[in-house]
Amino acid sequence: MNMKMIKMAVFGLVLLTASVWAADSGVAERIKPVGDICMAGDDCAATVKPVVAEGTARSGEDIYKKCVACHATGAAGAPKLGDVAAWAPRIGKGMDVLYASAIKGFNGMPAKGLCFDCSDDELKATVDYMVEKSK
Ligand code: HEC
């Protein structure tokens, strides 16, 4: 064997190892029991969905964990959870308006609060939770 052949053999081996590893880890991920890779409160609704019975909505408190990036910090002018003064004028608009803002978006508030796998009812429950904690 000359150097060129050795180099090609090594390269081939690396490629083979990489593809075996990739395929392998993909399989491992798929056959893992759901509970192993998806802990409660994790952002893993897609994984959990088939397990959750039809019509079993997550609680507003659970979903709120997806809203904290903005609503715990006040990022982009988001009203903070528990900030009574910030929420009072919003609550004054009526719950239906707030539900619509959560579902369709409102200025800096993105549609669905970026929780794209949230149902409208789950979003409404989350708004209820946020309002309840901010009165
Ligand atoms: C990327 C940042 C961001 C995320 C994530 C986010 N929000 Fe907001 N939200 C905002 C901002 C900014 C506002 C204020 C918009 C304004 O008044 O101009 C807001 C306002 C709101 C309001 C008040 C709307 C109104 O009509 O006054 C509700 C209700 C709300 N968000 C719910 C949620 C829920 C529920 C989630 C999670 C599912 C969420 N938000 C996630 C940024 C965010």
Side-chain angles (χ1 to χ4, degrees):
M1 281 217 282
N2 61 28
M3 264 322 270
K4 197 173 172 194
M5 279 173 72
I6 292 172
K7 273 188 196 156
M8 280 176 69
V10 169
F11 184 59
L13 207 67
V14 168
L15 270 187
L16 191 73
T17 315
S19 56
V20 165
W21 174 81
D24 207 45
S25 57
V27 169
E29 207 55 48
R30 257 170 296 168
I31 60 174
K32 260 189 193 173
V34 167
D36 257 357
I37 51 169
C38 188
M39 306 298 287
D42 273 353
D43 188 2
C44 52
T47 329
V48 166
K49 234 172 199 166
V51 184
V52 176
E54 196 73 41
T56 311
R58 291 162 292 179
S59 73
E61 189 173 358
D62 265 356
I63 307 269
Y64 172 69
K65 292 175 190 144
K66 297 169 183 283
C67 318
V68 291
C70 300
H71 286 276
T73 60
K80 285 204 237 178
L81 188 84
D83 186 339
V84 176
W87 277 98
R90 298 179 191 275
I91 295 169
K93 296 192 282 186
M95 290 308 288
D96 283 343
V97 175
L98 298 186
Y99 292 153
S101 298
I103 294 164
K104 294 182 198 142
F106 175 67
N107 297 331
M109 165 67 197
K112 286 177 171 274
L114 300 180
C115 178
F116 297 111
D117 66 349
C118 283
S119 69
D120 288 359
D121 282 343
E122 286 175 326
L123 287 166
K124 286 181 187 175
T126 312
V127 175
D128 288 345
Y129 170 80
M130 291 165 86
V131 165
E132 202 47 53
K133 292 271 175 195
S134 312
K135 288 207 245 203

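Start at 1 and go down the list; that is how both ligands and their atoms are numbered.
- Contact of the Ser134 side chain with the Leu81 side chain is registered, since non-hydrogen atoms from C-beta on lie closer than 4.5 Å.
- In this structure, the protein non-hydrogen atom closest to atom 12 (C) of ligand 1 is Ala76 O, 3.2 Å.
- Under a 4.0 angstrom heavy-atom cut-off, Ala69 registers as lying outside contact with ligand 1.
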For residues 70-78, which side-chain N or O atoms pair as donor and acceptor with protein atoms under 3.5 Å away, sequence neighbours left out?
{"residue": "His71", "atom": "ND1", "partner": "Pro79", "partner atom": "O", "Å": "2.8"}
{"residue": "Thr73", "atom": "OG1", "partner": "Ala69", "partner atom": "O", "Å": "2.9"}
{"residue": "Thr73", "atom": "OG1", "partner": "Cys70", "partner atom": "O", "Å": "3.3"}
{"residue": "Thr73", "atom": "OG1", "partner": "Ala75", "partner atom": "N", "Å": "3.1"}

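- Both Met130 and Val68 are part of a single hydrophobic cluster, where members link through side-chain heavy atoms under 4.5 Å apart.
- Residue Lys112 approaches ligand 1 through these ligand atoms, each under 4.0 Å from one of its heavy atoms: 38 (C).
- Closest protein heavy atom to atom 17 (O) of ligand 1: Arg90 NH1, 2.7 Å.
- Distances below 4.0 Å separate heavy atoms of Gly77 from the following atoms of ligand 1: 12 (C), 14 (C).
- For ligand 1, the atoms closer than 4.0 angstrom to any heavy atom of Leu123 are 38 (C).
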Practice item. Would you please test Ser119 and Arg58 for side-chain contact (heavy atoms from CB on, under 4.5 Å) and show each step? Key: CA-CA 9 Å; Ser119 69; Arg58 291 162 292 179; over 6 Å; no
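- Shortest contact from atom 18 (O) of ligand 1 to any protein heavy atom: Asn107 ND2, 2.9 Å.
- Cluster membership check: Trp87 shares its hydrophobic cluster with Met95, using side-chain heavy-atom separations under 4.5 Å among Ile, Leu, Val, Met, Phe, Trp and Tyr.
- The protein heavy-atom contact nearest to atom 25 (C) of ligand 1 is Lys93 NZ, 3.1 Å.
- The number of protein N, O or S atoms lying under 2.8 Å from atom 8 (Fe) of ligand 1 is 2.
- Heavy atoms of other residues, nucleotides or ligands lying less than 6.0 angstrom from NZ of Lys104 number 12 at most.
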Exercise for review: Apply the test side-chain contact (heavy atoms from CB on, under 4.5 Å) to residues Lys124 and Leu98: give CA-CA distance (whole Å), side-chain angles for both, the deciding distance (0.1 Å), then the verdict.
Suggested key: CA-CA 8 Å; Lys124 286 181 187 175; Leu98 298 186; over 6 Å; no
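- Atoms CG and NZ, on Asp120 and Lys112 in that order, are 5.5 Å from each other to the nearest 0.5 Å.
- Among residues two or more places apart in sequence or in another chain, the side chain to side chain donor-acceptor pair (under 3.5 Å) test is passed with Asp128 by Tyr99.
- Listed by number with element, the atoms of ligand 1 under 4.0 Å from a non-hydrogen atom of Thr126 are 35 (C).
- With hydrogens left out, the protein atom closest to atom 28 (C) of ligand 1 is Trp87 CH2, 3.9 Å, a heavy atom.
- Here NZ of Lys93 is found 3.5 Å from CZ of Phe106. Values are rounded to the nearest 0.5 Å.
- In this view, Tyr64 and Tyr129 satisfy the ring-ring contact (aromatic ring centres under 6.0 Å, His included) rule, not counting sequence neighbours.
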